[in-house]
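Quick note: numbers below take in every heavy atom, side chains included, and nothing from hydrogens, waters or symmetry partners. Both counts, for ligands and for their atoms, begin at 1 and track the order of listing.
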Amino acid sequence: MKRIAIYPGSFDPVTNGHIDIIRRAAGIFDLLVVGVLNNSVKKATFTVRERVQMLNTTVALPNVEIKSFSGLLVDFVQENKAIAIIKGLRAVSDFEYECQMALINKKMLPACDTFFMPTAQEYSFLSSGIVKEMARYGGSLKGLVPECLERVIAEKCAISRSEVQKPSLP
Ligand code: PNS
């Protein structure tokens, strides 16, 4: 039986911290499905298509698939016949919320367990939000996101910065 795990997230955008978790989890499971949340409530900077594309551009592992999903994570887990959910933990502060999610997901789908992986120490400060903040103010993204995505992320965030700065009154 193939052991399949889901690594869900917004990936808005993908960071080197996410890539590190993908590599490590792919080394443990037969197949890792990265689930990109297509969330109509939470406004994302990048479209779901762009987020999937950024991951596909960066991750070239034979046992990793990138897919988008909407709705409940446990439904996506079942559709993919997965047995596990992978979550990266940066700090103790992540734990409370993630533990709550793990418990509700376990209640809805008892056959599936959540596995927490501590992020690599060098990425413990890193989040998609930090990346966007850096890019918005013209900071370097070197070492924060995959090198091949630095430009596209910087440009997209710079566009939204100029939109924010547009004067609203005549
Ligand atoms: O990268 P993020 O934004 O922290 O990822 C959050 C994600 C996608 C893991 C979480 O929002 C999620 O699982 N959403 C799907 C809806 C769901 O199943 N929620 C949990 C039960 S209320």
Keeping to residues at least two apart or across chains, list the ring pair (Phe, Tyr, Trp, His ring centres under 6.0 Å) pairs with something in residues 39-73.
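Checked against ring pair (Phe, Tyr, Trp, His ring centres under 6.0 Å) - neighbours excluded - the pairs reaching residues 39-73 are Phe69-Phe76.
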Less than 3.5 Å apart, N/O on ligand 1 and N/O on the protein: could you list those pairs with the distances?
{"unit_1": "ligand 1", "atom_1": "1 (O)", "unit_2": "Ser10", "atom_2": "N", "d": "2.9"}
{"unit_1": "ligand 1", "atom_1": "3 (O)", "unit_2": "Ser10", "atom_2": "OG", "d": "2.5"}
{"unit_1": "ligand 1", "atom_1": "3 (O)", "unit_2": "Lys42", "atom_2": "NZ", "d": "3.1"}
{"unit_1": "ligand 1", "atom_1": "18 (O)", "unit_2": "Leu73", "atom_2": "N", "d": "2.8"}

Report yes or no: does [X] contribute a side-chain atom to a donor-acceptor pair with the main-chain N or O of [Y] at less than 3.5 Å?
X      : Y     : value
Asn38  : Ser70 : no
Ser128 : Pro13 : yes
Asn63  : Phe29 : yes

Just wondering, are more than 12 heavy atoms of other shown residues or ligands nearer than 6.0 Å to CZ in Phe95?
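It does not: Phe95 CZ has 12 such atoms or fewer within range.
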Neighbour count >12 (heavy atoms, 6.0 Å) for atom CD, Glu147
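Counting other residues, nucleotides and ligands, CD of Glu147 stays at 12 neighbours or fewer.
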